[in-house]
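Structure record follows, encoded as structure tokens.
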Amino acid sequence: MNILLIGCGKMGGALLTHWLSGPESFFIVDPGLEIAPDGATLVAGRDDLAGRKFDVVIAAVKPQQIDDILPQYADAYQDDGYLLSIAAGCSIERLAKASGGKPVVRVMPNLPAAIGRGMSGMCASDSATDGQKAHASAMMERTGSIIEVANEDMLDRLTAVAGSGPGYVFEMARAYVEAAIGLGFAEHEARQLVLETMGGTIAMAVEDGGPLEEMRNSVTSKNGTTQAGLGALNGSEDFTRLITATLDAAYRRAVELR
Ligand SMILES: NC(=O)C1=CN([C@@H]2O[C@H](COP(=O)(O)OP(=O)(O)OC[C@H]3O[C@@H](n4cnc5c(N)ncnc54)[C@H](O)[C@@H]3O)[C@@H](O)[C@H]2O)C=CC1
Ligand SMILES: O=C(O)[C@@H]1CCC=N1
């Protein structure tokens with residue numbers, strides 16, 4: 001199976017490192033790349049394809065570039081080929097038009113795919129076959145977990161939760177480290193304390209599987225230090241409101257990018 005990856009930046013490149021462990025042959029087009037990742041073939045652009053046809057074309061460029069770039073490759077699909085897009089927001093309707101009417105599988109990955117811990121969502125056009133959906137899903141499973149959502153709107157909502165999610169978590173970690181430095185720790189100590197605390201806590205929540213509220217309460221002694229900290233963090237629900245506003249803003253942006 002031959003796959004053409006259009007765009008091999010932060011997200012496309014992260015996914016590719018795991019996709020390369022599969023049986024497909026990867027061809028990459030990205031003007032920003034000078035050498036092909038090991039195991040893949042770099043092509044200069046549409047005119048460098050020598051008539052080759054692809055079973056899957058993957059769109060991993062910015063959503064704003066889709067309408068300019070994808071039509072250039074509309075004749076590069078096998079008859080039963082499909083388009084897989086990771087572009088945020090960009091609708092199946094737009095993608096189908098840009099690919100000359102090919103079946104479309106939209107996937108929303110996230111950056112921890114780089115270490116095989118991605119959390120992705122997927123939805124497909126009615127024209128995508130079960131085989132195409134199963135193939136896209138199997139590719140994403142090489143990069144972490146995947147769920148199928150009922151419709152495109154839910155994929156845009158998933159983008160706000162999981163696609164952009166690592167950005168929120170990195171920002172929380174950054175602010176947490178900054179605050180720890182403010183309490184007197186050296187930067188390397190603050191980073192270790194915060195990342196090990198966050199990582200250990202998340203790993204425990206996943207392993208335990210119980211209600212997060214109960215787990216939070218198990219840290220919180222009456223009139224203790226955690227209660228004092230949590231009162232400052234979310235005593236008047238400010239943190240809950242901020243997180244809600246964060247997800248709402250990201251979802252609204254995904255809708256704008258449709
Ligand atoms: N970065 C992230 O965490 C996530 C990104 N995405 C989606 O992935 C897509 C790519 O985003 P990033 O990887 O973050 O951006 P990026 O800027 O790192 O990658 C885009 C790549 O496209 C290449 N490119 C530009 N013009 C091109 C052309 N004419 N032909 C082929 N390649 C071309 C660029 O050289 C660059 O390497 C976006 O649509 C974004 O919505 C989805 C989920 C998460
Ligand atoms: O910020 C963005 O638009 C992309 C999509 C999800 C994560 N990064």
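Both ligands and their constituent atoms are indexed starting at 1 by order of listing. Values in this document were obtained by computation on a predicted structure and should not be read as measured data.
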Identity and distance of the protein heavy atom lying nearest atom 10 (C) of ligand 1: Ala60 O, 3.3 Å

Min side-chain heavy-atom separation Val149-Arg157 under 4.5 Å: no

Identity and separation of the nearest protein heavy atom to atom 28 (C) of ligand 1: Ile69 CD1, 3.4 Å

Nearest-neighbour protein heavy atom for atom 25 (C) of ligand 1, which is reported as residue plus atom name and distance: Gln65 NE2, 3.5 Å

Thr226 side chain to Val219 backbone, donor-acceptor under 3.5 Å: yes

Heavy-atom check, side chain of Leu42 versus side chain of Ile35, under 4.5 Å: no

Nearest candidate to atom 30 (N) of ligand 1, where distance is taken over non-hydrogen atoms, out of Pro109, Ala59, Pro31: Pro31

Exceeds 12 heavy-atom contacts within 6.0 angstrom, atom CE of Met204: no

Protein residue, atom and distance nearest to atom 18 (O) of ligand 1, heavy-atom basis: Lys10 N, 2.8 Å

Least distance between heavy atoms, Val161 atom then Tyr168 atom: O-CE1, 4.2 Å

Sub-4.0 Å atoms of ligand 1 with respect to non-hydrogen atoms of Gly7: 22 (O), 31 (C), 32 (N)

Ligand 1 N/O within reach of Ala88 N/O, cut-off under 3.5 Å: yes

Lys/Arg-Asp/Glu bridge criterion (N-O < 4.0 Å) met for Asp67, Lys97: no

Atom 6 (N) of ligand 1: the protein heavy-atom neighbour that sits closest, reported with distance to 0.1 Å: Ile86 O, 3.8 Å

Heteroatom proximity flag, Met11 to ligand 1, N/O under 3.5 Å: yes

Residue of the set Leu70, Val105, Ile58 for which side-chain contact (heavy atoms from CB on, under 4.5 Å) holds with Leu83: Leu70

Nearest non-hydrogen protein atom, atom 31 (C) of ligand 1: Val29 O, 3.2 Å

Over 12 non-hydrogen atoms of neighbours within 6.0 angstrom of CD in Gln227: yes

Per-atom contacts, ligand 1 versus Met108 - under 4.0 Å to a heavy atom: 42 (C), 43 (C)

Qualifying residue for side chain to side chain donor-acceptor pair (under 3.5 Å) with Tyr82, from Lys102, His135, Lys133, Gln132: His135

Sub-4.0 Å atoms of ligand 1 with respect to non-hydrogen atoms of Gly32: 35 (O)

Asn110 N/O to ligand 1 N/O under 3.5 Å: no

N-O pairing of Arg258 and Asp153 below 4.0 Å: yes

More than 12 heavy atoms of other groups within 6.0 Å of Asp38 CG: no

Carboxylate-amine/guanidinium proximity below 4.0 Å for Arg174 and Glu178: yes

Val61 N/O to ligand 1 N/O under 3.5 Å: yes

Nearest-0.5 Å distance that lies between atom CG in Asp238 and atom CD1 in Ile243: 12.0 Å

Same cluster (ILVMFWY, side-chain, under 4.5 Å), Leu111 and Leu15: yes

Protein contact of atom 21 (C) of ligand 1 - nearest heavy atom, named by residue and atom, plus distance: Asp30 OD2, 3.6 Å

Structural part of Lys62 in contact with ligand 1, heavy atom criterion under 4.0 angstrom: both

Sub-4.0 Å atoms of ligand 1 with respect to non-hydrogen atoms of Gly9: 13 (O), 18 (O), 19 (O), 21 (C), 37 (O)

For ligand 2, the residues whose heavy atoms come within less than 4.0 Å (ordered by chain, then number): Ala88, Gly163, Ser164

